[in-house]
There are 2 protein chains.
Amino acid sequence: MAVEEQPEYDPHDYPPVAATVDIVALTIRGEVPHVLLIRRGETPHKNSWALPGGFIRPDEDLATAALRELAEETHLIVAPHLEQLGTYGTPGRDPRMRVISVAHLAIAAGLPEPKSGSDAADAQWVPLSRLGFGDSDETLPLAFDHAAILAAAVERARAKLEYTPIATSFLPQEFTIAQLRAIYESLWNEPLHAANFHRKVRSVPGFVIDTGHIAPSGTDKGGRRARLYRAGDATLLHPALLRPSTTPPTA
Amino acid sequence: MAVEEQPEYDPHDYPPVAATVDIVALTIRGEVPHVLLIRRGETPHKNSWALPGGFIRPDEDLATAALRELAEETHLIVAPHLEQLGTYGTPGRDPRMRVISVAHLAIAAGLPEPKSGSDAADAQWVPLSRLGFGDSDETLPLAFDHAAILAAAVERARAKLEYTPIATSFLPQEFTIAQLRAIYESLWNEPLHAANFHRKVRSVPGFVIDTGHIAPSGTDKGGRRARLYRAGDATLLHPALLRPSTTPPTA
DNA sequence: CCAATAGTGTCTGTAAGACAATATTGG
DNA sequence: CCAATATTGTCTTACAGACACTATTGG
């Protein structure tokens, strides 16, 4: 850390800084990735969309603060996956005062409809496609530098699909390979070869474990019923599942 | 960020938080990776080693603060590579007050001997091997949670060697493939197959560019003189140079 | 039976690791 | 010439992507 000098400095010798957390909460609803956003009720950026977040409390760890803020918005108690994304502290990013915000990425399966929390006029799951991540070129404006934070979160998630089992965090306890593939396809925004994906996933040690169960009739139009899997204990995927687009054909 | 409520809140309504930066500066000196540490002159942790760092100034960006603190220790003006590592804010990590510190990783070639800055009794390049990263099991104790920060930095650097051209940041403008290999070997702490490494590096588009120059007599004991290369424009390596150890033989 | 989805078999090209062989260079 | 380092050739194996084919299941 720091503070090598003045062994008994006074905190008030230094300008006030607000320490906050912001959360990019991602989930999949109906094959489509969504992010939790709130509609700001106050200036600045009144009525525009923003990431949920808030002040870090005195004796609260950073991750704890992120989970608390998330819970206040969604009433979700635990997120299967939470990680620190990065810290945003450019002077002027909040016009009111110096704010240093630790951004987090949270991922969970089928999160419930959010309920408006005390500090948000409205909280809602918004498809990533409406924020510039997808086929549509629609791009809802976000408050502050939240567009940059969201972009970092989406890229982090996309990258981590390659070499970690993070995709399973979007799914229920038991899932089919097709459901897993849908996570990859919707986040990477491109179709994957079903047969090759199937074999590849099953060949990565510790990625998925066959439960022996069979999924109920998935669709209404026939088709073989799929086996159900659960997440394995691997934390890193070897070999990785590389993105088709990021793999330039040795061009 | 946050601050959805109280449109005209008073910063002093919230408990004082110190915002700092810490820097893990890595360089290679004589084939051996070193980290810049300072000897603390004051309590707490008086006389133990710590990472350089300090308060973020009022109108200073996070990266700017990191570079400034680094410059104060080493008189180094620019680091070829600087990235944010993560933020450490567990309550109690500094016994004096709540400190939230944004840790950075800096990499540079052959950095000069540090000069003791104003806020450090002594600053010095310390081999990573003396901190638990290497063959030796020596482990100098570090102040605060700096051991965890250093561990994160080393792992980040090791991982980034695989898929980014970060290794070239440790080297001068022009370098040989053998020098590049020495970076990988010393940080990964394992020998690499020289012939295969050579071909692999040259086959990754945009990793290194042949300058047409030939290195002067490298050793005193003969040997063909190597070609000199400079860093290419790739930001991501395709294909990656995977660590031997991280690649379990599909076990 | 037909349509649709799940899962397996093969084949081809790329790339990694092992090892051999060639090219230089100081002494 | 000898020792040491640089660079290139070959061969074997692993894995990704393409495609064909088999297995189920609803209607």
Side-chain angles (χ1 to χ4, degrees), chain A residues 31 161-163 174-182 184-185 188 190-205 207-208 210-229 236-251, chain B residues 31 161-163 174-182 184-185 188 190-205 207-208 210-229 236-251:
Chain A
E31 309 268 293
L161 288 180
E162 292 188 318
Y163 58 94
E174 296 199 346
F175 52 84
T176 67
I177 301 289
Q179 286 178 298
L180 187 65
R181 179 163 47 85
Y184 279 85
E185 291 180 329
W188 284 350
E190 56 191 319
L192 299 178
H193 188 117
N196 288 339
F197 182 86
H198 190 279
R199 182 186 18 250
K200 197 147 59 168
V201 165
R202 294 200 37 170
S203 75
V204 176
F207 191 4
V208 298
D210 193 332
T211 63
H213 305 164
I214 303 292
S217 54
T219 68
D220 51 331
K221 278 300 177 191
R224 181 175 174 175
R225 286 185 292 169
R227 262 180 271 188
L228 285 169
Y229 296 83
L236 248 22
L237 304 184
H238 277 289
L241 285 80
L242 299 180
R243 272 179 279 192
S245 46
T246 317
T247 308
T250 317
Chain B
E31 309 267 294
L161 288 180
E162 292 188 319
Y163 58 94
E174 297 199 345
F175 52 84
T176 68
I177 302 288
Q179 287 178 298
L180 187 65
R181 179 163 48 85
Y184 279 86
E185 291 180 328
W188 284 350
E190 56 192 320
L192 299 178
H193 188 116
N196 288 340
F197 181 86
H198 191 279
R199 182 185 19 249
K200 196 147 60 166
V201 165
R202 294 201 36 172
S203 74
V204 176
F207 191 3
V208 298
D210 193 331
T211 63
H213 304 166
I214 302 292
S217 54
T219 69
D220 52 330
K221 276 302 175 189
R224 180 174 174 175
R225 285 184 293 169
R227 262 180 271 189
L228 286 169
Y229 297 82
L236 248 21
L237 304 184
H238 276 289
L241 285 80
L242 298 180
R243 271 179 280 192
S245 47
T246 317
T247 308
T250 318

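Naming convention: chains lettered A, B, ... in sequence-line order (proteins, then strands); numbering from 1 in each chain.
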Quiz item: Who pairs with A/Arg224 by side chain to side chain contact (heavy atoms under 4.5 Å, CB included), at least two apart in sequence or on another chain?
Solution: none

Quiz item: Can you name the residues that form a side chain to side chain contact (heavy atoms under 4.5 Å, CB included) with A/Ala178, not counting sequence neighbours?
Solution: A/Thr176, A/Arg181

Quiz prompt | Residues that B/Ala240 engages under side chain to side chain contact (heavy atoms under 4.5 Å, CB included), provided they are two or more places apart | solution = B/Tyr163, B/Leu242

Quiz item: What residues form a ring-ring contact (aromatic ring centres under 6.0 Å, His included) with A/Tyr184, not counting sequence neighbours?
Solution: A/Trp188, A/Phe197

Exercise. Report the distance from atom NZ of B/Lys200 to atom C1' of C/dA18, rounded to the nearest whole Å.
Key: 12 Å

Practice problem: Starting at atom CG of B/Leu192, determine the distance to atom C1' of C/dG17, rounded to an integer number of angstrom. | Solution: 12 Å

Exercise. Enter the distance from A/Thr211:OG1 to A/Arg227:CZ here, rounded to the nearest 0.5 Å.
Key: 9.5 Å

Exercise. Please determine if a side-chain N or O atom of B/Arg227 lies less than 4.0 Å away from the OP1 or OP2 oxygen of D/dT8.
Key: yes

Exercise. Taking all heavy atoms of B/Arg225 and all of B/Pro216, pick out the closest pair and write down the distance.
Key: CD-C, 3.8 Å

Self-check item: Euclidean distance, atom CZ of residue A/Arg181 to atom P of C/dT5 [Å, nearest integer]
Solution: 9 Å

Quiz item: Just how far, in rounded Å, is C1' of C/dA16 from CD of B/Glu162?
Solution: 14 Å

Quiz item: Only one of A/Arg199, A/His198, A/Lys200 forms a side chain to side chain contact (heavy atoms under 4.5 Å, CB included) with A/Arg202, so which one is it?
Solution: A/His198

Exercise. Pick base, sugar-phosphate or nothing for B/Ala194, based on heavy-atom distances below 4.0 Å to the nucleic acid.
Key: nothing

Quiz item: Within this structure, what is the NE2-to-P distance between A/His198 and C/dA4, rounded to whole angstrom?
Solution: 20 Å

Quiz item: Among C/dA6, C/dA15, D/dT7, which nucleotide sits nearest the side chain of A/Ala178?
Solution: C/dA6

Quiz item: Quick one: A/Glu31 CD to C/dT5 P, roughly how many Å, whole number?
Solution: 11 Å

Quiz item: Whole-Å distance between C/dA15 P and B/Tyr163 OH?
Solution: 20 Å

Self-check item: Contact pattern, 5' to 3', of nucleotides 19-27 of chain C - B, S or - by protein heavy atom under 4.0 Å
Solution: BB--BBBSS

Quiz item: What's the shortest heavy-atom distance between A/Glu174 and A/Gln179, and which atoms?
Solution: O-OE1, 4.3 Å

Exercise. Take the C1' atoms of the five end pairs on each side of the helix from C/dC1-D/dG27 to C/dG27-D/dC1, derive the two axes, and give their angle rounded to 10 degrees.
Key: 0°

Quiz prompt | Separation of C/dG7 C1' from A/Ile177 CD1 (nearest whole Å) | solution = 10 Å

Quiz item: Is there a side chain to side chain contact (heavy atoms under 4.5 Å, CB included) between A/Leu241 and A/Phe207 once you walk through the steps?
Solution: CA-CA 11 Å; A/Leu241 285 80; A/Phe207 191 4; 4.2 Å; yes

Quiz item: Does the side chain of B/Arg202 get closer than 4.0 angstrom to OP1 or OP2 of C/dA15 through an N or O atom?
Solution: no

